[in-house]
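Here is the structure we will look at.
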There are 2 protein chains.
Amino acid sequence: MMTRTGEASAAIATGTVAEVTRVAVSTVIFTTRRLEGADRPAVVLPLVRRTRDPYEGLWALPGGWLGLSESLEEAASRTLAETTGLAPSYLEQLYAFGAVDRSPARVVSIVYWALVREDETRTPQPEDPENVAWFDAASLPQLAFDHNQIVDYALWRLRNKVGYSRIAHGLLPDEFTLAELREVYEVILGRRLDPANFRRQVESSGTLIPTQSFRTGSHRPARLYRYDRDVELADRGPLDARQ
Amino acid sequence: MMTRTGEASAAIATGTVAEVTRVAVSTVIFTTRRLEGADRPAVVLPLVRRTRDPYEGLWALPGGWLGLSESLEEAASRTLAETTGLAPSYLEQLYAFGAVDRSPARVVSIVYWALVREDETRTPQPEDPENVAWFDAASLPQLAFDHNQIVDYALWRLRNKVGYSRIAHGLLPDEFTLAELREVYEVILGRRLDPANFRRQVESSGTLIPTQSFRTGSHRPARLYRYDRDVELADRGPLDARQ
DNA sequence: ACAAAAGTGTTAATGCTACACCCATGG
DNA sequence: CCATGGGTGTAGCATTAACACTTTTGT
């Protein structure tokens, strides 16, 4: 499901296999971007227009069938690369959806969510640019299947995880000011944070490395920081630290 | 995989289908129990002895193939009932495992974890009592497939969730004393908790309803409490509150 | 009376929040 | 020199942890 291949597809069409459960992998891909006319950046995600039967014409999460020789995570990375041309800075399994009536054929969808860096989302072109577009996560149209719910859950997970991990780094370039880091937090959480307290919290976490460079702008220059690359952005699940 | 049906099974044997990815559902089922000779209860889980090819003879998580007309959660409940004869007091999706080399045939396993109440684990008999046994979660033998890792992750999730939800109730009968509730927390977390502070924390959460009954024992009687049934034990994922 | 668990009170330490304040730069 | 964001200091408040203390029962 949730792919350009179509849901009620191959297995039944051939006629050899009466009914099988197929496995699909989809990915909710987040980045931040300054939309035209807005002073603050927004959380945006790419969607793919469906060109086949169920929900034809509606927008859906990028995804595809699980290949026989690729792991779930590899399948997620692959469809992510096909739609954005990028490698994710963070990739984590979200949930497996398997309700019987999700789709005309029986499909179990393993959904991942990912972060890509804003500065990387410009250059590469997707394989099929016509049917790929980026949407503001806060104001999505009606999506195919149960994808609105899935995006809501991914956003909930992102907001949750930003509170107890360094995951916000996945949306920033190598070097950044504390104000830029704080802006990412603010956009994800949907509220303003006290600059003074934010600085202390993030400094005391010990994962920030100050550089000797400064971002010079309209006012007092701000020190640039980078993250300690030896520390993982967040706990990604059972296959991560625990293995 | 992880079932009495065997992993490298049906699809290939028939010869009609060259290669398909099959979907299995397994469940890590926790309860507490006072093992003989121990003063404090332990976290235990049921395992099923494999009677077929991959890992024959080893213990594995109860599970089975996903039926065409059942949801993932229904499949988990079904295999749970087949091995324990019980309905779970709590059931949540844990993770989807899909590495290519997990099993000889290509299998994606959706794993759930569940809590059942201690007082309910005595009466019913499993369908195949010979090949079902309960093990102390703290000292498991080598299990089939990657099931040791999976149990470790489920234990991590249980410990984590006990800190911010009322999930411990899933291991207790309707009425219980604060000492009994605290003992559940202590066994899961593996450390002693201050009775005075525990009482205040749990009382201030507002989910405990004091009854007029008292548990009379060797010393001062302790008031019995029950949980507010209108409040969910914990957030179970995207299909729960969010839908 | 005494042991032991039930239950209450108190205090120190910690962390978070709000906000006053100084610093450095471009215009 | 002033507006603005960078950066520091500090006091109030809530939460937590440690532990002394009182209450109530069975023996």
Side-chain angles (χ1 to χ4, degrees), chain A residues 32 34 38-41 159-166 168 172-173 175-227, chain B residues 32 34 38-41 159-166 168 172-173 175-227:
Chain A
T32 51
R34 287 177 199 279
D39 54 336
R40 309 188 60 76
R159 293 193 181 108
N160 214 38
K161 210 134 194 172
V162 97
Y164 63 86
S165 78
R166 333 184 302 105
L172 285 175
E175 301 200 328
F176 49 85
T177 67
L178 289 182
E180 289 163 354
L181 180 61
R182 177 166 50 85
E183 192 171 50
V184 170
Y185 275 79
E186 289 179 343
V187 161
I188 292 173
L189 296 175
R191 62 188 171 91
R192 308 303 289 265
L193 299 175
D194 183 304
N197 297 329
F198 181 80
R199 161 182 300 271
R200 269 184 294 259
Q201 282 173 13
V202 82
E203 272 178 347
S204 70
S205 80
T207 57
L208 272 196
I209 301 175
T211 71
Q212 297 312 312
S213 320
F214 289 81
R215 169 101 65 231
T216 168
S218 49
H219 295 292
R220 174 175 172 178
R223 183 180 293 277
L224 290 173
Y225 291 80
R226 56 186 185 81
Y227 267 106
Chain B
T32 51
R34 286 175 199 280
D39 54 337
R40 309 188 59 77
R159 292 194 182 106
N160 214 37
K161 209 134 193 171
V162 96
Y164 63 88
S165 77
R166 331 184 303 105
L172 286 173
E175 300 200 330
F176 50 87
T177 67
L178 288 183
E180 288 163 355
L181 180 61
R182 177 166 49 86
E183 193 171 49
V184 169
Y185 274 79
E186 289 177 343
V187 161
I188 291 174
L189 296 175
R191 61 188 172 92
R192 310 302 290 266
L193 300 175
D194 184 304
N197 296 330
F198 181 81
R199 161 183 300 273
R200 271 183 293 258
Q201 282 173 12
V202 82
E203 272 178 346
S204 70
S205 80
T207 57
L208 273 196
I209 301 173
T211 70
Q212 296 313 310
S213 319
F214 289 81
R215 170 98 70 231
T216 168
S218 50
H219 295 293
R220 173 174 173 177
R223 182 179 295 275
L224 291 173
Y225 291 80
R226 56 186 184 80
Y227 266 107

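The figures here come from the full heavy-atom set of this structure, side chains too, leaving out hydrogens, waters and symmetry mates. We name chains A, B, ... by the order of the sequence lines, and we start the count at 1 in each one.
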First of A:R191 and A:S218 reached from the 5' end of DNA chain C, by closest nucleotide: A:R191
Rounded distance (Å) that lies between atom P of D:dT4 and atom NE2 of A:H219: 7 Å
Parallel, tilted or perpendicular: ring planes of A:F176 versus A:Y227, cut at 30 and 60 degrees: tilted
salt_bridge(A:E180, A:R215) N-O dist < 4.0 Å: yes
Between D:dC19 (C1') and B:R192 (CZ): distance, integer Å: 16 Å
Boundaries of the DNA chain C segment in contact with chain A, non-hydrogen, under 4.0 Å: C:dT17 to C:dG26
Check against salt bridge (charged side-chain N to carboxylate O under 4.0 Å, His left out), B:R34 and B:E183: CA-CA 12 Å; B:R34 286 175 199 280; B:E183 193 171 49; 2.8 Å; yes
Heavy-atom neighbours of B:R40 CZ exceed 12 at 6.0 Å: yes
Heavy-atom side-chain proximity of A:V162 to A:Y185 below 4.5 angstrom: yes
Distance, rounded to the nearest Å, where A:D39 contributes CG and D:dG5 contributes P: 12 Å
Short side-chain to backbone donor-acceptor contact, A:S204 and A:Q201, under 3.5 Å: yes
Of residues 194-216 of chain A, the positions that come close to DNA chain C - non-hydrogen atoms, cut-off under 4.0 Å: A:D194, A:A196, A:N197, A:R200, A:Q201
Under 3.5 Å donor-acceptor, A:T177 side chain and A:L224 backbone: no
Main-chain N/O of A:I188 paired to A:R159 side chain as donor or acceptor, under 3.5 Å: yes
